[in-house]
Every structure is written in C-alpha cells, then in structure tokens.
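Atoms within each ligand, like the ligands themselves, are counted from 1 in listed order.
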Amino acid sequence: MKFGGSSVADAERLRAMAELVKAQIKNRPVLVLSAMGNTTDYILAAANAAINNGFVSIENIEDIHLRTIKDLELDAALQREVKELFYELGSLLTGISLTRELTGRTRDCLVSFGERLSVRIAASYLQSLKLNACALDSWDVGFVSDSNFGQAELRNETWVRIASSLKTLTASGVLPVITGFIAKDENGNITTLGRGGSDLSATVIAAACKAGEVQVWKDVDGILSADPRLVKDARPVEKVSYEEAAELAYFGAQVLHPRAMQPCMKTGIPVLVKNSFNPQAPGTKIEALCEGKTPLIRAITSKKNVTLVDIVSTRMLGQSGFLAQVFSEFSKNGVSVDMVATSEVSVSCTLDAAHDIGWINRDLSRYADVEVRGDKAIVTIIGDVNRSSVILHRAFGVCEKEGICVQMVSQGASKVNISFIVDDIQAPHLVQALHAHFFAAQVKPAAKAGAAKPDAGAKAKNTKA
Ligand code: ASP
Ligand code: MG
C-alpha cells in the first residue's frame, strides 16, 4: 500500500490511512510512504534560499510535522527522533548557506528527510493503535541504486535483498513502513529515484516480494480521462493496461511515476490506483493488456514545453546509417527523444524543452538542414490502436473544426498512443475539444439522450464516480 504526500499530509489524513491499513491488515500489507504534503517542495525551496540568499529556514517544514505529532499525541521517543532529524536538516542547510555550494548529492540527501520523517511519524502513530509497525529507511530493506543523483536507477541486487529482508520482517508479524523515493548508492550516499519516485519504490517492493497487488493511494479517483485542471468532466478510467498507464504517466498525466509500471509489467502484479479521500470509489485497475473489447479511447493527455526538431537531408535518401548518425548525436549530448516521425529525406523529433539544445546547430547542422521550433506541446490519445483509422479520422475532424494545425503525428510503437504536436497555446483547447468529442458519446445516456451516438466499443460504465 503506497500513500502519496496528500494521503499522509496531516493528522487527519494519517488517521484515514490507518483505517485503510487496519481494514486490510489480514492481507499483511507493506506500506510505502511519500513525504507529508508538500514537504519535498518545501525542502527544495529551502535549499534554493540557502544557496541563493544565504538564508536558512525550515519553519514551514517543522510546522507540518510538529503539528501532526501534537495532534496525534505521539510519544517522547518519536519527538526526540524527529528533533534530531530537523537538527541535521538545519545543519546541512546552514552548510549550504555558508559554502554556497549545492551538489546533486547534497540535494538528494536534503529531500530524503521528507520521507524519513513521514515513515517515523506514521509508524509511531500505527504503534499507538497497537499495530506492530516499524519505520524503515529503504536502504535498510535493500534499496541500492547507482549514483545518478536526482534520477537514480536501482541496481539489480535490490530485488533479492528486498525479498529476503521483507520475508523476515513479515514472517515475524511486523508491519513495515518504508520510505518511498530514496535509496543509497554503493558508497552509502543517499540518492532519489526522480520526483514522484515513491510509486516506483512501491512497485519494486511488490514485485520483489511477489505481492498480490499494489495499491497506490492518491487524492484523485484513479487515473482520469484527462487532466481535471483542463477538463472539468474528466472521469476516472476503470481499467488500463501497463503500457497505457506508462504512456499516460509519461505524456502528461501526473498520476504515476513513468517508470513505476516496469516492475509490475514484468511480474504481472495488478496495480490499483485509489483515492484515500474517497475510498469507496472503485479507482483504476492497471493490469496486463485486457483481452476482448477495449474502448475506443481511454484518455487524452498533453505535455507542454516541447521542442520540435526538423532534420532534413537529401543524403538520407536510400542511405543506411543516417538515422544512426543523427541519434548518436542525441545520445552523445545526453538528450532523450520523445516522439519521432520520418520520411525518406527528413526526421522530425521532439525533445523536452528543459534540454540544452545549443549543440543541435553545432553538431547536426554539419550533415543536415536543421530547424528547431520551441513552444510546442504533445497531445496524446491513449486508445485502441487497432481502430486507429477511426481515431485519426475523428481527431483530425476536431482539429479542423477548431482551426488547429497539426505539425507532426506519431503512432507509438507500444501500440496504444497516437500523438500530435501542436502549438503550446492551442494544446489546452485541443484537449478539451477532443475530450468533449470522444467522451460525449460515453456520458450517461439519461442526461444527454440523443445528443451523441455511442461509440461502438465504448463502455458507458465508468461514468458514475
Ligand atoms: N516526495 C517525493 C516527491 O514529492 C516522492 C513522491 O512523492 O513520490 O516527489
Ligand atoms: Mg509527491
């Protein structure tokens, strides 16, 4: 059972979490927690203040935790432990403010305090409810990563180690409460698995100890058909495959860590995304590609801040090795490409705008004409690609009607996504228009009777939550 930041944000949320855990205690859960509320953001802000202004303050961070400890009436031992962690965090920040130096390694060490605090507080509270809970830092149950601070990858031995340490713990009736998001490298330095990495911690643990299910407890009713900030009537999706969930996570739906699906995909463990604020809602079930009829469209997402690179060369005609040459430049410069489309003489691809692209003109222009265009967005439709002609026909109809020029199209090799590049400023409108078009047909017939033809394959099921 993984609980995200908002599901452990304060005393009230921890009480709700405890209820959910107690209700399932006979299934011998393992808990994985994020930092409480916005702690990770607060720590990063404190680090920036220390380095930029030489200013050290952790009041807001202390406040969240101390208030919770007080509300839950937790014992003196826990209070001492938490004070020590605050002292260490404050000292680290003071060091940064004096040296005006902040490395990736120190940043990871700083943010790790969020998860280290939350598991201690939660475990202490669960103990006060007479549960045999034990707070554990992930490295104590076997998490070892490489030293790629901020974006570390777990090393293979992690799996065996987790399996054996958790076996021992659960056999002795312990309820493990483990820090998500963090690990240690071989030299004992604390690392992080990328923002939102607690999901990955949870799926790795589940896969390693062959759990029956992973529950990801969040503050929304599951994976939604679109970003609710853009689309008011976005609705929870009942079921998605691992592949669809991975595409959704990557292309803009802030639901799950993009790499979190991999461990479950390998082992076939289902993932249930649930709302801790509304546990009755069915949530979204993520599992192996479901056989039989899938709906035409599952969800529509968008990813902003995308740069489009057009590489045109007549030398590409009939040549072998041209693409290899182009992509080796990307690889040399450590840039990962999101979407690709090629013709006989051109390659178009997209990059996250966060990448430095100065090298493109320098390195690629040597053998091709290159044009770089910023301020683009990727709009992605996750759906049944066996019916891609229907999806494309209807989606382009929407684009035409809304006067939106599609600048690149790509149908993902994972066979679940169709993506378009449009201007950044048009993306929100396009998502709304596409959602209205595709999902109007799935809305409860009672309200919109006769308004739209139902899709052949669309289930009118997941409309009630
Ligand atoms: N606390 C970390 C973050 O906010 C990890 C997580 O929540 O999964 O990114
Ligand atoms: Mg979080």
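- Between G4 and ligand 1 there is no heavy-atom distance shorter than 4.0 Å.
- Within ligand 1, counting atoms from 1 as listed, the ones closer than 4.0 Å to a heavy atom of R195 are 3 (C), 4 (O), 9 (O).
- Not a single N or O atom of G5, backbone or side chain, sits closer than 3.5 Å to an N or O atom of ligand 1.
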Is there a ring pair (Phe, Tyr, Trp, His ring centres under 6.0 Å) between W217 and F277 once you walk through the steps? CA-CA 9 Å; W217 290 90; F277 292 75; over 10 Å; no
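- Proximity to S198 (heavy-atom distance under 4.0 Å) selects the following atoms of ligand 1: 5 (C), 6 (C), 7 (O), 8 (O).
- Although no hydrogens or angles enter the test, the distance criterion places a donor-acceptor pair under 3.5 Å between the side chain of D146 and the main chain of N148.
- Using a 4.0 Å cut-off between a side-chain N of Lys or Arg and a carboxylate O of Asp or Glu, R67 and D10 do not qualify as a salt bridge.
- Using a 4.0 Å cut-off between heavy atoms, H257 makes no contact with ligand 1 at all.
- Between K184 and D140 there is no salt bridge, since none of the side-chain N atoms of the basic residue sits less than 4.0 Å from a carboxylate O of the acidic one.
- Using cut-offs of 30° and 60° for the angle between ring planes, the H435 and F439 rings count as parallel.
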